[in-house]
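Chain naming here is simple, since letters A, B, ... match the order of the sequence lines and numbering starts at 1 in each. Computation of the quantities below employed the complete heavy-atom set of this structure, encompassing side-chain atoms and omitting hydrogens, waters and symmetry-equivalent molecules.
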2 protein chains.
Amino acid sequence: MSQNREPLTRDRIIETALHIIDGQGLGRLTMRRLGDALEVEAMAIYHHLPRGKEELLDGLVAHVAVLPADTAARAGAAAWRDRLREWAAAYRARLLEHAGVLPLVVTRRNPAALTGTTESLREVLRLAGFLDGAAASGAHTLIGYVIGHTALEVRGREARRAAGPEQEVDWDGRFNAGVDVVLAGLVTTLT
Amino acid sequence: MSQNREPLTRDRIIETALHIIDGQGLGRLTMRRLGDALEVEAMAIYHHLPRGKEELLDGLVAHVAVLPADTAARAGAAAWRDRLREWAAAYRARLLEHAGVLPLVVTRRNPAALTGTTESLREVLRLAGFLDGAAASGAHTLIGYVIGHTALEVRGREARRAAGPEQEVDWDGRFNAGVDVVLAGLVTTLT
DNA sequence: ACCTGAACACCGTTCAAGT
DNA sequence: ACCTGAACACCGTTCAAGT
């Protein structure tokens, strides 16, 4: 009787890998373990990802780090600050959901993955009235803050375990406060 | 005749490991290769770092990520913005010098390593007139930006290779512009 | 105390072979 | 076209043994 398992797919491989990372951590993602989870020999994966684990990790970064800001909204809208606030919150949430891949996002791995996101952010700023240079710079500043602060948050939440709840940090509030600082700073560069 | 090599030391081990990372990348740091570089069997390392590679990586993070802002300067000095600017530039330079350990700094590894740095930054803000909560939040915002933006820079510099010099980015200028945005934003929370 | 040598359980990946 | 099995070169780490 035939094994009625779904066919192996690049997408299914990457999603299963993400599931392993979320559940057990990046360090336990192994070609062999990934094969087990897919009910397949590890070597079968190479047929769909010829570059092997390298390509797998690239795919994981692309899957997690790509979240463009919607630039479809009406141009010149006065509410660009609210939209950036929402985008920042959504991006942080995405990174926290898959905190195990953060080290991969930070590594030089798959540098093209963040290009689209940065570009759409730049477009939002341009529609808000920023000059080209200021929009590019501002997008970089905001996305840099979001990634860096979220990385600190992941580390900080873990530290609580070892050091006890000495200083309870309100991470939501602290993140939002930082976003407001960056946005307030950006406003001073407008005109 | 006796081998006249220096005695094995925790510090010497970590410095040699850093040298390997800087020259060949994090992926090629191996206990066996590290042993070779130290002219010793890999197993000898465990005598100085009982927790093995885990302890080695923790030590590397501590060695690179600890750069406190000097809080010794006169309290209430008006030039706190210049001091934060200098600190940010110095911290970025340190991270770029050892870009290979950035993924380790970002991982939950050794969460205590950044505590001292964050604290001294908070002290600078407190002396500048920020209330306790605002100083803590502001320190987090600035350090988050510096780490995140520097990570983007490392990725971006690498991307140039694959995509050609399509868009030359002035990383120094962009980093400083972001620092100024953050500082300008912080000023609006002062009063 | 400090280092070595052999061994163990695990990696990623290749390659010829099956269907 | 898609997957398997055996094999290769490499990991981190243990443990008993040397000095």
Side-chain angles (χ1 to χ4, degrees), chain A residues 1-21 23-63 100-101 103-104 107-110, chain B residues 1-21 23-63 100-101 103-104 107-110:
Chain A
M1 44 191 71
S2 68
Q3 303 274 34
N4 67 337
R5 57 185 183 197
E6 302 173 28
L8 214 49
T9 306
R10 208 191 124 93
D11 282 351
R12 206 158 71 83
I13 292 172
I14 290 176
E15 274 155 27
T16 305
L18 197 56
H19 187 256
I20 291 177
I21 294 176
Q24 316 184 236
L26 180 60
R28 289 184 59 81
L29 175 63
T30 295
M31 297 303 274
R32 285 163 150 95
R33 240 189 295 261
L34 181 55
D36 280 355
L38 292 163
E39 295 184 79
V40 110
E41 292 299 314
M43 300 75 203
I45 300 171
Y46 288 82
H47 205 269
H48 301 265
L49 286 77
R51 274 175 42 245
K53 194 168 191 185
E54 207 74 10
E55 191 171 353
L56 175 64
L57 299 182
D58 285 357
L60 285 165
V61 171
H63 194 277
V101 302
L104 299 179
T107 319
R108 66 207 77 199
R109 203 174 293 288
N110 198 3
Chain B
M1 42 191 70
S2 67
Q3 302 274 35
N4 67 337
R5 58 186 181 194
E6 304 172 27
L8 214 46
T9 306
R10 207 191 124 94
D11 281 352
R12 206 158 70 83
I13 292 172
I14 289 176
E15 272 155 29
T16 305
L18 197 56
H19 187 257
I20 291 177
I21 293 177
Q24 315 183 237
L26 180 60
R28 289 184 60 81
L29 175 63
T30 294
M31 297 303 274
R32 285 162 150 94
R33 239 189 297 261
L34 181 54
D36 279 357
L38 292 162
E39 296 183 80
V40 111
E41 293 299 314
M43 299 74 200
I45 299 170
Y46 289 82
H47 205 269
H48 302 264
L49 286 78
R51 274 176 40 247
K53 196 170 190 184
E54 206 73 9
E55 189 170 355
L56 175 64
L57 299 182
D58 285 356
L60 286 165
V61 170
H63 195 276
V101 303
L104 299 180
T107 318
R108 68 206 74 199
R109 203 175 292 292
N110 198 4

Margin query: With a 4.0 Å cutoff (strictly under), does any side-chain N or O of A:His47 reach OP1 or OP2 of D:dT4?
Written below: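 Checking D:dT4 against A:His47, no side-chain N or O comes under 4.0 Å of OP1 or OP2.
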Between [N] atom [atom2] and [X] atom [atom1], what is the distance in whole Å?
X: B:Glu39; N: C:dT4; atom1: CD; atom2: P; value: 11 Å
X: B:Tyr46; N: D:dC11; atom1: OH; atom2: P; value: 12 Å
X: B:Arg32; N: C:dG5; atom1: CZ; atom2: P; value: 13 Å
X: B:Met31; N: C:dT4; atom1: CE; atom2: C1'; value: 15 Å
X: A:Arg10; N: D:dC3; atom1: CZ; atom2: C1'; value: 19 Å
X: A:Glu41; N: C:dC15; atom1: CD; atom2: P; value: 19 Å
X: B:Arg28; N: D:dC10; atom1: CZ; atom2: C1'; value: 11 Å
X: A:Lys53; N: C:dC11; atom1: NZ; atom2: C1'; value: 8 Å

What does A:Met43 touch in the nucleic acid at a heavy-atom separation under 4.0 angstrom: a base, only the sugar-phosphate, or nothing?
base
message = Using a heavy-atom cut-off of 4.0 Å across all strands, would you classify B:Arg33 as base, sugar-phosphate, or nothing?
response =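 B:Arg33: backbone/sugar contact only, no base atoms under 4.0 Å.
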Original post:
For the residue pair B:Thr16 and B:Ala37, what are the closest heavy atoms and their distance?
Top reply: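 Looks like CG2-CB, 3.7 Å.
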Residues A:Ala42 and A:Arg32: closest non-hydrogen pair is CB-CA, 3.7 Å
Interatomic distance, CG@A:Leu60 vs CD@A:Glu15, rounded to 0.5 Å, equals 10.5 Å
Measuring from B:Lys53:NZ to B:Thr30:OG1, what's the distance to the nearest 0.5 Å?
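OG1 of B:Thr30 is found 5.5 Å from NZ of B:Lys53.
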When B:Leu56, B:Thr9, B:Ile14, B:Ile13 are each screened for side-chain contact (heavy atoms from CB on, under 4.5 Å) with B:His48, the one that passes is B:Ile13
Discussion item. Return the pairing partner of D:dA16 with a 3.5 Å limit on both distances, Watson-Crick or G-U wobble; otherwise return none.
Written reply: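 Pair assignment: D:dA16 / C:dT4.
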Please name the nucleotide paired to C:dC10 by Watson-Crick or G-U wobble geometry with both distances under 3.5 Å, or report none.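 WC or wobble partner does not exist here.
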- Check every atom of C:dG12, D:dC3, D:dT13 against the side chain of A:Leu8 and return the nucleotide holding the closest atom.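 Nearest to the side chain of A:Leu8 among the choices is D:dC3.
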| Of all the nucleotides listed (C:dG12, D:dT4, C:dC3), which has the minimum atom distance to the side chain of A:Val40? |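 Given the options C:dG12, D:dT4, C:dC3, the side chain of A:Val40 is closest to D:dT4.
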Starting at the 5' end of DNA chain C, which residue's closest nucleotide do you reach first, B:His48 or A:Leu29?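 Nearest-nucleotide comparison on DNA chain C picks B:His48.
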